[in-house]
2 protein chains.
Amino acid sequence: MVRTARFSEEDFIEATMALVAEGGPAAATMQAIARRVGAPTGSIYHRFDSRSAVLGAAWNRAYASFIKALAPLLRKGRPREAALAILPWSRENERRARFLLLNEPVTLFEDTPPPAPLREELERLEEEFDGAFRACVSGCGDGVVRDEDLARAKFLIFDAPIAILRPHLMRGGALPPFAERMIAELHAGMPLAATRNRAARPAVVA
Amino acid sequence: MVRTARFSEEDFIEATMALVAEGGPAAATMQAIARRVGAPTGSIYHRFDSRSAVLGAAWNRAYASFIKALAPLLRKGRPREAALAILPWSRENERRARFLLLNEPVTLFEDTPPPAPLREELERLEEEFDGAFRACVSGCGDGVVRDEDLARAKFLIFDAPIAILRPHLMRGGALPPFAERMIAELHAGMPLAATRNRAARPAVVA
DNA sequence: ACCATTCTAAAACGTCTATTCTAATTGGCA
DNA sequence: TGCCAATTAGAATAGACGTTTTAGAATGGT
C-alpha cells in the first residue's frame with residue numbers, strides 16, 4: 001500500500017444501505033452514495049466493479065448478519081425463538097432491517113445481477129438458511145422434509161413475522177409490543193408440521 | 001370524435017400490468033408499453049399525462065378488483081372466507097395478482113407519485129378497504145377498534161395469505177392446494193381478536 | 001530524493017428514459 | 001366534397017444515470 005485511503009468499502013456499503021433504507025433502491029444512485037460519503041463518484045469504482053457490486057455486497061452483509069442471528073436457533077429446533085429473534089435483531093440493526101426485510105432481491109437486482117463472486121456468496125448464504133430450516137423441520141418429525149412442511153416453516157418463522165413487522169418498519173420508529181405477542185400467538189396456534197392424514201380443524205365462524 | 005382511436009386506455013393499462021407482472025416495474029418503460037400494444041410511444045400521452053399516470057391507473061384498477069372480491073365478505077363478518085377468497089381471485093386474475101400482490105406501491109411510485117386524481121382515487125380505495133376491515137373487527141367484539149386488533153385482522157386476512165402465496169405467484173404456475181390448507185389452519189389457530197386481559201398462550205417448546 | 005503504486009478528484013462519455021414536437025392521417029359532418 | 005379536430009406516427013429533446021477517463025496528489029520503500 002502506498003497511499004492511505006480516505007474511503008473504505010465499509011463506508012460505501014453503509015451509505016448504500018442507509019439510502020435504500022430511507023428512500024428505496026432507486027435512491028441509491030452512485031452519485032447519491034458518493035455524496036453521502038463525501039467522495040467523488042469515481043472513487044467507488046476503485047473498490048467496486050459496478051453499482052450492482054455495491055448493492056450485492058450490502059445485501060450479502062445484511063443477510064449474513066440476519067442468518068447468524070436465526071440459524072443457530074433453527075438448528076437447535078427452536079422455531080418460535082427463531083421467529084421472535086427477528087425482533088431484537090431488527091431493533092439492534094434498524095438500518096439493515098429496513099434494507100433487508102423491506103426489499104426483495106429480485107427488485108433490487110432486476111436490472112443487472114451482481115458479479116459472479118457475490119452471486120455465489122449469496123447462494124451459499126441461501127443454502128445455509130435453507131439447511132437450517134430443513135434441520136428444524138426434520139427435527140420435529142421424521143427424516144423426510146416435505147415441500148409443504150418446509151413452506152410452512154418458512155412462513156411461520158420468516159415470512160409471517162416479517163409481514164407483521166413490515167408496517168412498523170416502513171413507518172419507522174419503535175416496533176410495538178403487540179408485534180411480539182402476535183408472533184408468539186401465531187406459533188402457539190399453528191403447528192410447525194402440517195397435520196397429517198386429517199383435514200385442518202375447521203374454524204368456528206360467527 | 002373525428003378519428004376512430006386504434007388504441008384504448010384499456011390497451012395501455014393491460015400492457016403495463018402484463019409487463020410489470022412479467023419483469024418487474026422497471027420493465028414497464030413507455031417504449032415497452034407502446035411496443036407491446038403496437039403503438040408509437042407518443043400515443044400513450046394522448047390518454048395519460050405521464051408514466052406514473054399509467055402505472056397509477058393500472059394499480060387502482062387491480063386494487064379495485066381485489067377489494068370488490070374481499071370487502072363484502074369482510075363486512076359480513078367472515079374473515080376466514082375473505083382470506084380464502086384471495087386464492088380464487090388470484091387464479092382468475094393471474095396477471096393482476098402478480099401485479100398487485102408482488103409489488104409495493106411505495107416501490108412502484110417511488111420516483112414520481114401519480115397525479116392528484118389517481119392519488120385521491122387510491123385513497124378512497126384504501127379507505128374502503130380499511131373500513132371493511134374495521135367493520136369486520138368491530139363485528140367480532142365491542143364497538144371500539146384497537147390498533148392491535150386492526151393490525152391483527154390485516155395480517156390474518158391480507159398480509160399472511162399473501163406471504164403464503166408469494167413464492168408461488170413469483171414462480172408462476174398453479175397455486176398448490178396446501179396454500180389453502182395453510183390459510184385455513186392459520187385462521188383456525190389464531191383468533192381474530194387479541195386475547196384480552198391475559199397473556200398469549202405460551203407455546204410448548206421441545 | 002526518487003519512483004511505482006494507489007488513491008482522490010472531477011469532468012466527460014454514452015446510453016437509456018420520459019416527454020415533447022411536428023407532420024401526416026383519419027373519418028364524421030357541414 | 002372538403003373541412004377539422006382527434007389521433008397516429010415517429011423523430012427529436014432534455015435530463016439522469018452508470019461508467020470511464022484523465023489528471024494530480026499522497027505514500028512508503030529504496
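Each chain gets a letter, A, B and so on, in the order its sequence line appears, and its residues count up from 1.
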**Student:** Hey, does the side chain of R98(A) reach the backbone of M170(A) with a donor-acceptor pair shorter than 3.5 angstrom?
**Tutor:**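 Present.
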**Student:** Expressed in angstrom and rounded to an integer, what is the separation of D11(B) atom CG from dT7(D) atom P?
**Tutor:**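 Atom CG in D11(B) sits about 14 Å away from atom P in dT7(D).
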**Student:** For dC7(C), does either OP1 or OP2 sit under 4.0 Å from a side-chain N or O belonging to R47(A)?
**Tutor:**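 Indeed, a polar side-chain atom of R47(A) lies that close.
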**Student:** Polar atoms only, N or O, under 3.5 Å: list the protein pairs with nucleotides 15-18 of chain D and their distances.
**Tutor:**
unit_1	atom_1	unit_2	atom_2	d
dG18(D)	OP1	R51(A)	NE	2.9
dG18(D)	OP2	M30(A)	N	2.8

**Student:** Are OP1 or OP2 of dT25(C) and a side-chain N or O of R6(B) less than 4.0 angstrom apart?
**Tutor:**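 No.
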**Student:** Among R124(A), E123(A), R119(A), whose side chain to side chain contact (heavy atoms under 4.5 Å, CB included) with E121(A) holds?
**Tutor:**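 Only one of R124(A), E123(A), R119(A) forms a side chain to side chain contact (heavy atoms under 4.5 Å, CB included) with E121(A), namely R124(A).
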**Student:** Return the value, rounded to whole Å, for the distance between atom CZ of R3(B) and atom P of dT25(C).
**Tutor:**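 In whole Å, dT25(C) P lies 10 Å from R3(B) CZ.
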**Student:** Between dA11(C), dT8(D), dA9(C), spot the one nearest the side chain of A5(B), thanks.
**Tutor:**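 Nearest to the side-chain atoms of A5(B), counting from C-beta on, is dT8(D).
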**Student:** Provide, to the nearest angstrom, the distance between the NE2 atom belonging to H46(A) and the C1' atom belonging to dG24(D).
**Tutor:**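 Taking atom C1' of dG24(D) as the reference, NE2 of H46(A) is at 12 Å.
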**Student:** Measure from CZ on F12(B) to C1' on dT8(D) and round the result to the nearest Å.
**Tutor:**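 My rounded result for the distance is 10 Å.
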**Student:** Answer whether the closest heavy-atom distance between the side chains of M190(A) and L156(A) falls below 4.5 Å.
**Tutor:**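 M190(A) reaches L156(A) side chain to side chain.
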**Student:** Heavy atoms from C-beta onward define the side chain here; which of dT8(D), dA10(C), dG27(C) lies closest to that of P40(A)?
**Tutor:**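 Comparing dT8(D), dA10(C), dG27(C) against the side chain of P40(A), the answer is dA10(C).
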**Student:** Should P114(A) and L122(A) count as side-chain neighbours, where that means a heavy-atom distance under 4.5 Å?
**Tutor:**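 A side-chain contact is absent here, since even the closest heavy-atom pair is not under 4.5 Å.
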**Student:** Please test F66(A) against F99(A) for ring pair (Phe, Tyr, Trp, His ring centres under 6.0 Å), starting from the C-alpha separation and ending with a verdict.
**Tutor:** CA-CA 11 Å; F66(A) 182 82; F99(A) 173 72; over 10 Å; no
**Student:** Side chains of L175(A) and L87(A): does their closest heavy-atom pair fall under 4.5 Å?
**Tutor:**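 Answer yes - side chains close enough.
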**Student:** Without decimals, in angstroms, what is the distance between I44(A) CD1 and dT8(C) C1'?
**Tutor:**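 My rounded result for the distance is 13 Å.
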**Student:** Between P on dC7(C) and CZ on F7(A), what's the gap in Å once rounded to a whole number?
**Tutor:**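 It is 12 Å, rounded to the nearest whole Å.
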**Student:** Does the side chain of H187(A) come within less than 4.5 Å of I157(A)'s, by heavy atoms?
**Tutor:**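 Yes - at least one pair of side-chain heavy atoms lies under 4.5 Å apart.
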**Student:** Check whether any side-chain N or O of S43(A) sits under 4.0 Å from OP1 or OP2 of dC7(C), and answer yes or no.
**Tutor:**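 Answer is no, no contact under 4.0 Å.
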**Student:** Check the distance between dG10(D)'s C1' and R35(B)'s CZ and give it to me in whole angstrom.
**Tutor:**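 Answer to the nearest Å: 14 Å.
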